Asks: 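Can you read through this structure? Questions will come right after.
Values reported hereafter were calculated over all heavy atoms of this structure, with side chains retained and with hydrogens, waters and symmetry mates removed. The model shown is predicted, which means the values in this text are computed figures rather than measured ones.
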Amino acid sequence: MSKIINVILSGGVGSRLWPLSRKSRPKQYLPIFEGKTLFGLTVERNLEVSSKVILVGSSSNKDLAEPYLKNVEHDIIAEAAPRNTAAAIAFAAFHAEPDDILVVTPSDHLIEGQEAYAEAINQGIMFAQRGFIATFGIIPTRPETGYGYIEHDQNNVLSFREKPNEDTAKEFLKQGNFLWNSGIFCFKAGVYLEELMRFEPKLYNASEVAFEYAVDLVLDEDHSMKIPSKSIDYAVLERSDLIKVVPASFEWSDMGAFDSLYTYYRTKGHKQDENGNIVVGSKKHTVFVGLSNCMLISTEDAVLVLDRSRAQDVKQVYEALEKDNSGLV
């Protein structure tokens, strides 16, 4: 009998949330969401719509994730090297039965509104049962430039669009038939593998060989590095004629950078001054002079002072530290 399986992808470091997020504890394992972690919230949220978890992530993620999965039927596939989402999802599909329905979710997104979420996922499951590949588009609330978009006509996908500039994002909102691309998917394991083989046979074959050589679901680096690195979007979604989109109204953020965290903290009543400046991680009396919409993020060994409009630039700080082999990453 087929199962509904939540495939959780947990391979990122969260470099744009440095210094909170580190290699030793990526953002999805930080208990900064009213005492909970994004990973724990992901597991809880999907227990309502699935009976098992397959986690695909790095070996370090395996150790961090296991405490959250101890009371859940689960398997953990440990990647030796990140090869992007097309391969990561293929590993889960190889491990499942062809008729199992996979609900693929990132581990680091913040979603609120469980009823609306379950309703959307169940609609996606119905599409998957009919042999389609379902993706989930979030009804936009603002002209966001940090997300990809899906142009649609009801459940039919007309096009996928890259992250737009502000003018284009405003035009998308005005047209009214564009959704934010959530990075959540639903399909039968066998259908996904058939489409991957159809469009990316080299990626499919290299992933299959790597999975066959895995020991206790731990992949080795030699075979992993032979897998082309491609996202599911480029490998399958933008090329398949089996795609359906589910417009969804639940609250969603990919928590990709401090501007998302800033918005979250403000909605939860986090203390701020009259100019919208906030402090994270420090109880010291802090005064911002001549600044607005800024964040001070303090950890035991680092302090970041950030103009919220430059949130994406934090990745450059992380990359510079990594290049210098700094212990701060």
Side-chain angles (χ1 to χ4, degrees), residues 1-14 17 20-83 85 87-97 99-115 117-118 120-122 124-125 182-187 189 210-211 214-220 224 250 252-255 261 264 299:
M1 185 175 176
S2 63
K3 292 183 176 181
I4 298 176
I5 300 171
N6 179 206
V7 176
I8 302 179
L9 306 180
S10 184
V13 175
L17 286 182
L20 296 180
S21 185
R22 309 288 181 99
K23 287 182 178 179
S24 60
R25 189 168 295 274
K27 63 179 177 178
Q28 57 266 37
Y29 302 105
L30 298 173
I32 58 175
F33 300 92
E34 298 184 311
K36 294 189 175 184
T37 67
L38 292 174
F39 186 87
L41 289 168
T42 300
V43 173
E44 290 176 17
R45 180 167 56 247
N46 288 289
L47 286 175
E48 186 174 321
V49 295
S50 61
S51 59
K52 179 181 178 179
V53 170
I54 296 178
L55 170 67
V56 185
S58 64
S59 297
S60 60
N61 273 263
K62 177 179 179 179
D63 296 334
L64 292 166
E66 281 183 327
Y68 298 94
L69 298 170
K70 58 186 177 182
N71 296 319
V72 181
E73 182 184 353
H74 70 277
D75 291 314
I76 299 177
I77 300 172
E79 295 179 291
R83 305 310 295 158
T85 53
I89 296 167
F91 299 144
F94 287 131
H95 188 55
E97 295 298 323
D99 283 338
D100 286 341
I101 292 176
L102 310 183
V103 179
V104 181
T105 64
S107 61
D108 55 359
H109 290 184
L110 181 68
I111 292 173
E112 296 182 298
Q114 180 63 28
E115 185 176 343
Y117 177 79
I121 296 297
N122 285 325
I125 288 170
S182 71
I184 303 172
F185 317 104
C186 182
F187 39 71
F211 188 73
V215 178
D216 296 328
L217 298 182
V218 178
L219 284 80
D220 70 83
S224 296
F250 53 82
W252 171 88
S253 171
D254 69 353
M255 282 296 147
L261 192 61
Y264 170 79
T299 66

Asks: Whether the side chain of T42 engages the backbone of L38 through a donor-acceptor N/O pair (distance < 3.5 Å, no angle test) should be reported.
Replies: yes

Asks: Name all residues meeting the salt bridge (charged side-chain N to carboxylate O under 4.0 Å, His left out) criterion together with R22; count only those two or more places apart in sequence or in a different chain, and write none if there are none.
Replies: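 For R22, the residues satisfying salt bridge (charged side-chain N to carboxylate O under 4.0 Å, His left out) (neighbours in sequence not counted) are D301.
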
Asks: Do V56 and E79 come close enough that some side-chain heavy atom pair is under 4.5 Å?
Replies: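 Of all side-chain heavy-atom pairs linking E79 with V56, at least one is under 4.5 Å.
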
Asks: According to side-chain hydrogen bond (donor to acceptor under 3.5 Å, both in side chains), who are the partners of S224, at least two apart in sequence or on a separate chain?
Replies: none

Asks: Just verifying a value: how many Å separate S50 OG and I8 CD1, rounded to the nearest 0.5 Å?
Replies: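 Separation between the atoms: 8.0 Å.
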
Asks: Evaluate the side-chain contact (heavy atoms from CB on, under 4.5 Å) criterion for residues Y68 and L55: first the C-alpha distance (whole Å), next the side-chain angles of each, then the deciding distance (0.1 Å), finally the verdict.
Replies: CA-CA 11 Å; Y68 298 94; L55 170 67; over 6 Å; no

Asks: What's the verdict on side-chain contact (heavy atoms from CB on, under 4.5 Å) for K70 and E66, showing C-alpha distance, side-chain angles and the deciding distance?
Replies: CA-CA 6 Å; K70 58 186 177 182; E66 281 183 327; over 6 Å; no

Asks: Can you find a heavy atom in the side chain of L261 that is under 4.5 Å from one in the side chain of I32?
Replies: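 Heavy-atom side-chain distance check passes, below 4.5 Å.
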
Asks: Can you list everything that forms a side-chain hydrogen bond (donor to acceptor under 3.5 Å, both in side chains) with Y264? Sequence neighbours excluded, please.
Replies: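 With neighbours one apart ignored, the set is empty.
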
Asks: Between V7 and V53, does a side-chain contact (heavy atoms from CB on, under 4.5 Å) hold up when you go through it step by step?
Replies: CA-CA 6 Å; V7 176; V53 170; over 6 Å; no

Asks: Distance from F33 atom CZ to E112 atom CD, nearest 0.5 Å?
Replies: 10.0 Å

Asks: Verify, without hydrogens or angle tests, whether N122 (side chain) and A118 (backbone) share a donor-acceptor contact under 3.5 angstrom.
Replies: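 Here the side-chain-to-backbone pair exists.
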
Asks: I need the H74 NE2 to I5 CD1 distance, nearest 0.5 Å.
Replies: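 Output value for this atom pair is 13.5 Å.
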
Asks: Are F187 and V104 packed together at the side-chain level, in the sense that at least one heavy-atom pair is separated by less than 4.5 angstrom?
Replies: yes

Asks: Might you point out which heavy atoms bring V49 and I4 nearest each other, and give the distance in Å?
Replies: O-CG2, 3.1 Å

Asks: Where the side chain of D100 meets the backbone of E97, is there a donor-acceptor pair that is under 3.5 Å apart?
Replies: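 Yes.
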
Asks: Hey, is the main chain of G57 close enough, under 3.5 Å, to the side chain of N61 for a donor-acceptor pair?
Replies: no

Asks: Would you call V43 and L69 a side-chain contact if the rule is heavy atoms closer than 4.5 Å?
Replies: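 In contact.
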
Asks: What distance do T37 atom OG1 and D108 atom CG have between them, rounded to the nearest 0.5 Å?
Replies: 11.0 Å

Asks: Answer yes or no: is there a donor N or O on one side and an acceptor on the other, between the side chain of Q114 and the main chain of R45, under 3.5 Å?
Replies: yes

Asks: Mind listing the closest non-hydrogen atom pair of F39 and A65 along with its distance?
Replies: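 Scanning both residues, the minimum pair turns out to be CZ-CB, 3.5 Å.
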
Asks: Check whether any side-chain heavy atom of C186 sits under 4.5 Å from a side-chain heavy atom of I101, and report yes or no.
Replies: yes

Asks: Hey, could you give me the OG/CD1 distance between S58 and I76, rounded to the nearest 0.5 Å?
Replies: 10.5 Å

Asks: Using side-chain hydrogen bond (donor to acceptor under 3.5 Å, both in side chains) as the criterion, list what pairs up with T105, not counting sequence neighbours.
Replies: N6

Asks: What are the two closest heavy atoms between A87 and R83, and how far apart are they?
Replies: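 Reported closest heavy-atom pair: CB-O, 3.9 Å.
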
Asks: Checking E44 now: which residues fulfil salt bridge (charged side-chain N to carboxylate O under 4.0 Å, His left out) with it, not counting sequence neighbours?
Replies: K36

Asks: How long is the straight-line distance from CD1 of I77 back to NE2 of H95, given to the nearest 0.5 Å?
Replies: 5.5 Å

Asks: To check you understand the geometry: which heavy-atom pair defines the closest contact between A120 and F250, and what is its length?
Replies: CB-CE2, 4.0 Å

Asks: Take F91 and L217 through the test side-chain contact (heavy atoms from CB on, under 4.5 Å) and record every step on the way to the result.
Replies: CA-CA 9 Å; F91 299 144; L217 298 182; over 6 Å; no

Asks: Can you confirm whether I184 sits close enough to I121 that some side-chain heavy atom of one is under 4.5 Å from a side-chain heavy atom of the other?
Replies: yes

Asks: Checking side-chain polar atoms at under 3.5 Å, does Y29 have a donor or acceptor matched by the opposite partner on S10?
Replies: yes

Asks: With E73, which residues qualify under salt bridge (charged side-chain N to carboxylate O under 4.0 Å, His left out), at least two apart?
Replies: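 Checked E73 against salt bridge (charged side-chain N to carboxylate O under 4.0 Å, His left out); matches are K3.
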
Asks: With side chains defined as the heavy atoms from C-beta onward, is the minimum distance between P26 and L64 less than 4.5 Å?
Replies: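 Yes; the side chains approach each other to less than 4.5 Å.
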
Asks: If you look at every heavy atom in A88 and L9, which pair is closest and at what distance?
Replies: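 Here A88 and L9 meet closest at CB-CD2, 4.1 Å.
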
